[in-house]
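By convention here, the first residue in the shown sequence is residue 1. Counting starts at 1 for both ligands and their atoms, in listed order.
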Amino acid sequence: MNYDHILIRYGEISTKGKNRKRFVDQLKANIKLVLHEFPALVYSSNRDRMYIRLQGENHEPILEKLENVFGIHSFSLALKTKNELEAIKNGALELMSEQYKPGDTFKISAKRADKTFPLLTNEINHAIGSHILHNTEDLKVDVHEPDIDLRVEVREEAAYLTCKDFQGAGGLPAGASGKAVLMLSGGIDSPVAGFLAMKRGIDVEAVHFFSPPYTSERARQKVMDLAKKLTSFSGQIKLHIVPFTEIQETIQKQVPESYNMTSTRRMMLKIADRIREKQGGLAIITGESLGQVASQTMESMFAINDVTSTPIIRPLITYDKTDIITIAKQIGTHDTSILPYEDCCTIFTPASPTTKPKLEKAQRFESFLDFEPLIDKAVEDTEIIVISPSEDKELKSLF
Ligand code: ATP
Ligand code: MG
């Protein structure tokens, strides 16, 4: 097949008025990151469309990767020709000849974005249609339900011929809505929450609380694997791994058992908020879903949320577990999430955590000890790992 371009149609991006250029630039940057394994590709864009010139690259793996990029409504393989009738006719015949089976029906749908083009839309349809009918056998026109709908976009710089659309992921380009930190556990919910937040254009940095030796290297690897899965939607993710052992041990000694979980969550949220501030984020994302476990009752959320006034985005708050699992399977995080490695929370979870904690009690239990130096230390010793979609690009650094 002689397709030489991929044509990309924007999603909601097209309605964003003045911000449109910023959105298009962001989308282009994200696509380049996701397709970084194909350096030969050449990108161009205007207010309505983006074009990727294939330069001989196999389009199959590229199409597959584009399916995950937010901000794309649909995309198609395209053949680019000069915007002259003869060239368009020849291109259309070439595409059709390779595409049709005897007995198929077709239709030409021209779009005349170049208002100076000498033929009107119907005349273009007719000229190309006749050319195809004359030069093929056993192919008929059906304008209502054609087997092949050959679209011709006549633009000022060129014409683009396409036959088949692939559905894009929708949403807004990752990063177009600003930055937030995602509290990423090894469970099913938080990667899904991260995915949904990314879908609305949030640039996500992940924060994971890790309690060695109670939690193992495998549990840490699991979170890195989950973050890597999410990179197919964002291109790259910074993962902050917070050493949380000392704080958890201190809470265990200091706070009555039934409030352990509440205080643990309060400390986690405080630390996540510090990291958010350091990284210039504007919100915190969690995988909480109302009523799912003791820490996710309204009373618990009220007591935990008290430690910050930063907006907390809970994309899954109204979702049923079965719906969350369905998305986890679709985005490819489910099988990793259900691996049985211990999480820092489950290990310290008391047999019967209170489901209706009182804020004043949590505050009082914590007031007998100054947690601030421990929080400072945890933030200081946090390790940052930049996770890229390709296997070999993990840059490690401390901050
Ligand atoms: P998940 O499936 O995401 O682990 P969960 O149903 O197990 O969620 P909880 O354990 O109560 O629920 O966690 C609620 C949220 O708190 C998680 O979705 C996540 O955002 C955050 N969280 C829990 N544990 C950690 C951790 N070790 N590191 C970072 N965030 C965490
Ligand atoms: Mg969990």
Side-chain angles (χ1 to χ4, degrees), residues 180-197 202 204-212 214-216 218-224 226-227 229-230 237-245 247-248 251 260-276 283-301 303-305 307-308 310 312-317 319-325 327-329 331 333-350 353-355 357 378-379 382-383 385:
V181 295
L182 164 69
M183 294 176 66
L184 182 65
S185 69
I188 294 175
D189 304 330
S190 43
V192 174
F195 162 80
L196 291 172
I202 299 178
V204 168
E205 293 197 14
V207 177
H208 178 68
F209 295 87
F210 180 56
S211 298
Y214 305 104
T215 52
S216 67
R218 286 183 313 180
R220 181 189 139 104
Q221 184 59 45
K222 177 180 174 184
V223 171
M224 287 174 48
L226 287 171
K229 297 272 182 199
L230 290 176
I237 279 196
K238 243 190 215 173
L239 171 63
H240 302 256
I241 299 192
V242 184
F244 200 52
T245 316
I247 293 180
Q248 282 202 291
I251 291 171
N260 238 313
M261 186 267 307
T262 310
S263 288
T264 304
R265 294 310 165 110
R266 284 165 56 87
M267 296 304 154
M268 279 186 173
L269 193 54
K270 273 191 192 185
I271 293 172
D273 203 26
R274 290 271 195 96
I275 293 174
R276 174 211 53 86
I284 298 168
I285 304 154
T286 75
E288 288 161 306
S289 166
L290 190 59
Q292 207 185 76
V293 289
S295 61
Q296 296 172 24
T297 59
M298 294 269 260
E299 290 82 358
S300 276
M301 282 194 282
I304 295 164
N305 213 150
V307 301
T308 179
T310 299
I312 301 187
I313 298 177
R314 301 179 173 92
L316 303 177
I317 198 69
Y319 281 44
D320 289 350
K321 192 77 183 185
T322 48
D323 298 331
I324 301 172
I325 289 174
I327 304 178
K329 287 182 176 162
I331 64 173
T333 53
H334 178 263
D335 291 355
T336 308
S337 288
I338 59 172
L339 293 173
Y341 310 137
E342 64 296 318
D343 182 67
C344 71
C345 298
T346 39
I347 278 184
F348 285 88
T349 303
T354 173
T355 54
V379 172
T382 291
E383 184 186 358
I385 305 175

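- The Val207 neighbourhood of ligand 1 comprises atoms 29 (C), with distances under 4.0 Å to a heavy atom of that residue.
- Looking at Leu182 against ligand 1, nothing comes within 4.0 Å, counting heavy atoms.
- Close contacts between ligand 1 and Ile188 involve ligand atoms 2 (O) [criterion: under 4.0 Å to a heavy atom].
- Listed by number with element, the atoms of ligand 1 under 4.0 angstrom from any heavy atom of Phe209 are 26 (C), 27 (N), 28 (N), 29 (C).
- The N/O atoms of Pro191, backbone and side chain alike, include none that comes under 3.5 Å of an N/O atom in ligand 1.
- The heavy atom nearest to atom 10 (O) of ligand 1, out of those in Glu288, His240, Arg265, is found in Arg265.
- A donor-acceptor contact under 3.5 angstrom links the side chains of Ser185 and Ser190, judged on distance only.
- Taking distance alone, with nitrogen or oxygen atoms compared against 3.5 Å, Met268 stays at or beyond that limit from ligand 1.
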*For the pair Val242 and Val379, evaluate side chain to side chain contact (heavy atoms under 4.5 Å, CB included) and give the outcome as yes or no after the intermediate values.*
CA-CA 7 Å; Val242 184; Val379 172; over 6 Å; no
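- For the pair Arg276 and Asp273, the salt-bridge criterion is met [side-chain N within less than 4.0 Å of a carboxylate O].
- Considering only non-hydrogen atoms, atom 4 (O) of ligand 1 lies nearest to Ser185 out of Ala193, Ser185, Ser190.
- Atoms of ligand 1 lying under 4.0 Å from at least one heavy atom of Thr286, given by number and element, are 20 (O).
- Salt-bridge check for Arg265 with Glu288: failed, with every basic side-chain N at 4.0 Å or more from each acidic carboxylate O.
- Note that the CZ atom of Phe209 and the CD1 atom of Ile241 stand 11.5 Å from one another [nearest 0.5 Å].
- By the 3.5 Å distance cut-off applied to N or O atoms, Gly287 is counted among the residues near ligand 1.
- Between Met183 and ligand 1, a contact under 3.5 Å exists for at least one N or O pair.
- Note: Asp335 CG to Leu226 CG = 10.5 Å, rounded to the nearest 0.5 Å.
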*Can Leu269 and Met183 be said to form a side chain to side chain contact (heavy atoms under 4.5 Å, CB included), step by step?*
CA-CA 9 Å; Leu269 193 54; Met183 294 176 66; 4.0 Å; yes
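- The distance from ligand 1 to the heavy atoms of Gly187 drops below 4.0 Å at these ligand atoms: 1 (P), 2 (O), 4 (O).
- Considering all non-hydrogen atoms of both residues, Met298 and Leu290 come closest at CG-CD1, 3.8 Å.
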